[in-house]
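The structure displayed is predicted, hence computed values, not measured ones.
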Amino acid sequence: MSTAPSSKLPPFDPRDPIGIDDLLGDEDLAIRDTVRVWAADRVLPHIAEWYENGELPGIRELARELGSLGALGMSLEGYGCAGATAVQYGLACLELEAADSGIRSLVSVQGSLAMYAIHRFGSEEQKRQWLPGMAAGEIIGCFGLTEPDHGSDPAGMRTYAKRDGEDWVLSGRKMWITNGSVAGVAVVWAQTDEGTAGSGIRGFVVPTDAPGFSAPEIRHKWSLRASVTSELILDDVRLPADAVLPGVTGLRGPLSCLSHARYGIVWGAMGAARSSFEAAVDYARTREQFGKPIGGFQLTQAKLADMAVELHKGILLAHHLGRRMDAGRLRPEQVSFGKLNNVREAIEICRTSRTILGANGISLEYPVMRHATNLESVLTYEGTVEMHQLVLGKALTGLDAFR
């Protein structure tokens, strides 16, 4: 067995210690760098102020800019969508969440939930009506599944759609809806009398200017503060027959959308982790205690080494899942595997980074606490830790422990 002389090896890159970039092509790198530059220019100079004020000003302009980058509905084909690979979409999610989870959530809900639902399950007329404007960022979309009393158990939703002649009439409430107050269209899931125990759930494309629809914004959040989060209220909203998504009935529809969105989180969480880790490394190099930089102490180096291992393992896992999605081989259980691991590890990286920054770690001068609090929401939405554990537990044992 022989190995190449060390003189022929590339230098060690602290930012890419296991050489993951070698797996990326020129187009992959160009997309990643384009999104990174946009985030550095349009988000990072302002995000601390937005977060502190609990607002995302200029969200419509940001959406149009993201549309011009091709980041909205990025992996969808046709109708003005970029038709990018799953890996390229993942790289964009990583860079967006490295800026802030709220920005990645805007893109994720728009593309992986609202647009994906219309693209996969909508009629040709619905696709032509909504998708080009959504891809351009001219129309913002939201996705109404979670309710005040039904999160992890969407089959119990109370929002109901009943027939009235040729029309549908929707009544109910949805909660914790990203983009809701600024959306021009909402994809809303509701019970119907077409089945029992969740089998009759249907999706509806709801223009937000329909009479009876309102979306008050949720305030007083301590997480995802630079994000628009709303309640949706449907008070006898009357819709024509062609508002229903014709391509699916039952929970399979919304759950498949969630799986697509969870995939983006697998990448995005590593962006928040990377931002916090890099802040810790930079701080450790310059902060002096006991006469030398704290990065020169063994305990600090142990923390940095452990964080680097988990960070780049998580990115490698995301890349692997992306390749499986591009090959049409990604299972929902594998997405649960990625979301469970990467969000959990990202939170731990943020917390450990905070210890390296000491008291400065709680300041918005640094990104660490902002990422840590955002990730507490990411840990819960698109499936809680417990739900993903049970998904994997069922897959591993063949036994259903949900009930």
Discussion item. The test is salt bridge (charged side-chain N to carboxylate O under 4.0 Å, His left out); show your working for Arg158 and Asp149 and say whether it passes.
Written reply: CA-CA 9 Å; Arg158 296 176 182 172; Asp149 297 319; 3.3 Å; yes
Worksheet item: Going through the checks in order, is the side chain to side chain contact (heavy atoms under 4.5 Å, CB included) test met by Leu224 and Trp176?
Response: CA-CA 11 Å; Leu224 288 181; Trp176 304 114; over 6 Å; no
Practice prompt. List the steps and the verdict of salt bridge (charged side-chain N to carboxylate O under 4.0 Å, His left out) for Lys162 and Asp167.
Written response: CA-CA 8 Å; Lys162 64 181 179 180; Asp167 294 344; over 6 Å; no
Item to complete: Given side-chain hydrogen bond (donor to acceptor under 3.5 Å, both in side chains), test Lys303 with Thr355 step by step and report yes or no.
Response: CA-CA 9 Å; Lys303 291 179 181 181; Thr355 69; 3.1 Å; yes
Item to complete: Please report the C-alpha distance between Ser276 and Ser353 in whole Å, then the side-chain angles of each, then the deciding distance to 0.1 Å, and finally whether the side-chain hydrogen bond (donor to acceptor under 3.5 Å, both in side chains) criterion is met.
Response: CA-CA 6 Å; Ser276 297; Ser353 296; 5.1 Å; no
Item to complete: Let me see the working for Tyr116 and Ser256 under side-chain hydrogen bond (donor to acceptor under 3.5 Å, both in side chains), right down to the final yes or no.
Response: CA-CA 9 Å; Tyr116 181 82; Ser256 65; 5.0 Å; no
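Residue pairs meeting the side chain to side chain donor-acceptor pair (under 3.5 Å) criterion with at least one partner in residues 130-148, sequence neighbours excluded, are Glu147-Thr159, Glu147-Lys174.
The main-chain N or O of Lys339 is never found under 3.5 Å from a side-chain atom of Tyr263 such that the two would form a donor-acceptor pair. The main-chain N or O of Lys221 is found under 3.5 Å from a side-chain atom of Arg225 such that the two form a donor-acceptor pair. In terms of modelled atom types and a separation under 3.5 Å, the side chain of Ser108 and the main chain of Arg104 share no donor-acceptor contact. The main-chain N or O of Gly156 is found under 3.5 Å from a side-chain atom of His150 such that the two form a donor-acceptor pair. Remark: the backbone N or O of Pro17 is not paired with any side-chain donor or acceptor of Asp13 at under 3.5 angstrom. The backbone N or O of Met387 sits less than 3.5 Å from a side-chain atom of Thr384, completing a donor-acceptor pair. Remark: side-chain polar atoms of Thr373 are not paired, donor with acceptor, to backbone N or O of Ser223 under 3.5 angstrom. At least one donor-acceptor pair closer than 3.5 Å links the side chain of Asn342 to the backbone N or O of Val266. In terms of modelled atom types and a separation under 3.5 Å, the side chain of Ser101 and the main chain of Glu97 share no donor-acceptor contact. Between the side chain of Glu231 and the backbone N or O of Pro148 there is no donor-acceptor pair closer than 3.5 Å.
At a threshold of 4.5 Å between non-hydrogen side-chain atoms, the residues Val169 and Leu239 do not count as touching. The shortest side-chain heavy-atom distance between Leu304 and Val281 falls under the 4.5 Å cut-off. Between Glu125 and Asp242, the closest side-chain pair of non-hydrogen atoms is not below 4.5 Å. A heavy-atom distance below 4.5 Å is not found between the side chains of Arg202 and Leu245. Two residues are said to be in side-chain contact when any heavy atoms from C-beta on lie closer than 4.5 Å; Leu379 and Val385 meet this criterion. No side-chain heavy atom of Val107 sits less than 4.5 Å from a side-chain heavy atom of Gln110. Between Val35 and Asp33, every side-chain heavy-atom pair lies at or beyond the 4.5 Å cut-off. A heavy-atom distance below 4.5 Å is not found between the side chains of Ile31 and Leu69.
Lys313 has a carboxylate O that lies under 4.0 Å from a charged side-chain N of Glu310, or vice versa, which qualifies the two as a salt bridge. Using a cutoff of 4.0 Å between basic side-chain nitrogens and carboxylate oxygens, Arg15 and Glu278 are scored as salt-bridged. A salt bridge between Arg128 and Glu124 is present, with a side-chain N of the basic residue lying under 4.0 Å from a carboxylate O of the acidic one. A salt bridge links Asp100 with Arg370: the closest approach of a Lys/Arg side-chain nitrogen to an acidic carboxylate oxygen falls below 4.0 angstrom. Salt-bridge annotation for Glu382 and Arg262: absent, with no side-chain N of the basic residue lying under 4.0 Å from a carboxylate O of the acidic one. Residues Arg36 and Asp41 are not paired through a salt bridge, judged by the lack of any N-O separation under 4.0 Å between the basic side chain and the carboxylate. Remark: Glu217 engages Arg219 in a salt bridge, criterion side-chain N to carboxylate O under 4.0 Å.
For the atom pair Ser171 OG and Gln191 CD, the distance stands at 13.5 Å (nearest 0.5 Å). One finds the CG atom of Asp306 at 12.0 Å from the CD atom of Gln301 (value rounded to the nearest 0.5 Å). Between atom CG of residue Leu357 and atom OG1 of residue Thr352 there is a gap of 12.0 Å, rounded to the nearest 0.5 Å. The structure places CG of Leu145 at 7.5 Å from CD1 of Ile177, a figure rounded to the nearest 0.5 Å. Distance check, rounded to the nearest 0.5 Å: CZ of Arg274 to CD of Glu95 gives 4.0 Å. Note that NE2 of His371 and OG of Ser275 are 3.0 Å apart. Values are rounded to the nearest 0.5 Å.
Residues Ala284 and Thr300 share a closest heavy-atom pair of CB-CG2, 4.1 Å. Closest heavy-atom contact between Leu232 and Gly180: CD2-CA, 4.1 Å. Smallest separation of non-hydrogen atoms from Cys142 and Ala114: O-CB, 3.7 Å. Nearest approach of Leu316 to Ile20, heavy atoms of both residues: N-CD1, 3.9 Å. Of all the heavy atoms in Ala92 and Met74, the pair that sits closest is CB-SD, 3.8 Å. Between Ser181 and Ala215, the shortest heavy-atom contact is OG-O, 2.8 Å.
With a 6.0 Å radius and a threshold of 12 heavy atoms from other residues, nucleotides or ligands, Glu27 has its CD atom at or below the threshold. The environment of CG in Leu396 is crowded: more than 12 heavy-atom neighbours from other residues, nucleotides or ligands sit within 6.0 Å. Around CZ of Arg173, the count of heavy atoms belonging to other residues, nucleotides or ligands within 6.0 Å does not exceed 12.
Screening Phe121, Phe213, Trp168, Tyr160 against Phe204 for a ring-ring contact (aromatic ring centres under 6.0 Å, His included) leaves a single residue, Trp168. Considering Leu364, Ile362, Asn360, Asn374 as possible partners of Met369, the one that fulfils the side chain to side chain contact (heavy atoms under 4.5 Å, CB included) test is Ile362. A side chain to side chain contact (heavy atoms under 4.5 Å, CB included) with Leu170 is found for one member of Asp236, Thr192, Leu234, Asp235 and no other, namely Leu234.
The salt bridge (charged side-chain N to carboxylate O under 4.0 Å, His left out) test applied to Lys394 returns Asp400, not counting sequence neighbours.
Ring pair His46/Trp50 is parallel by interplanar angle, where below 30° counts as parallel and above 60° as perpendicular.
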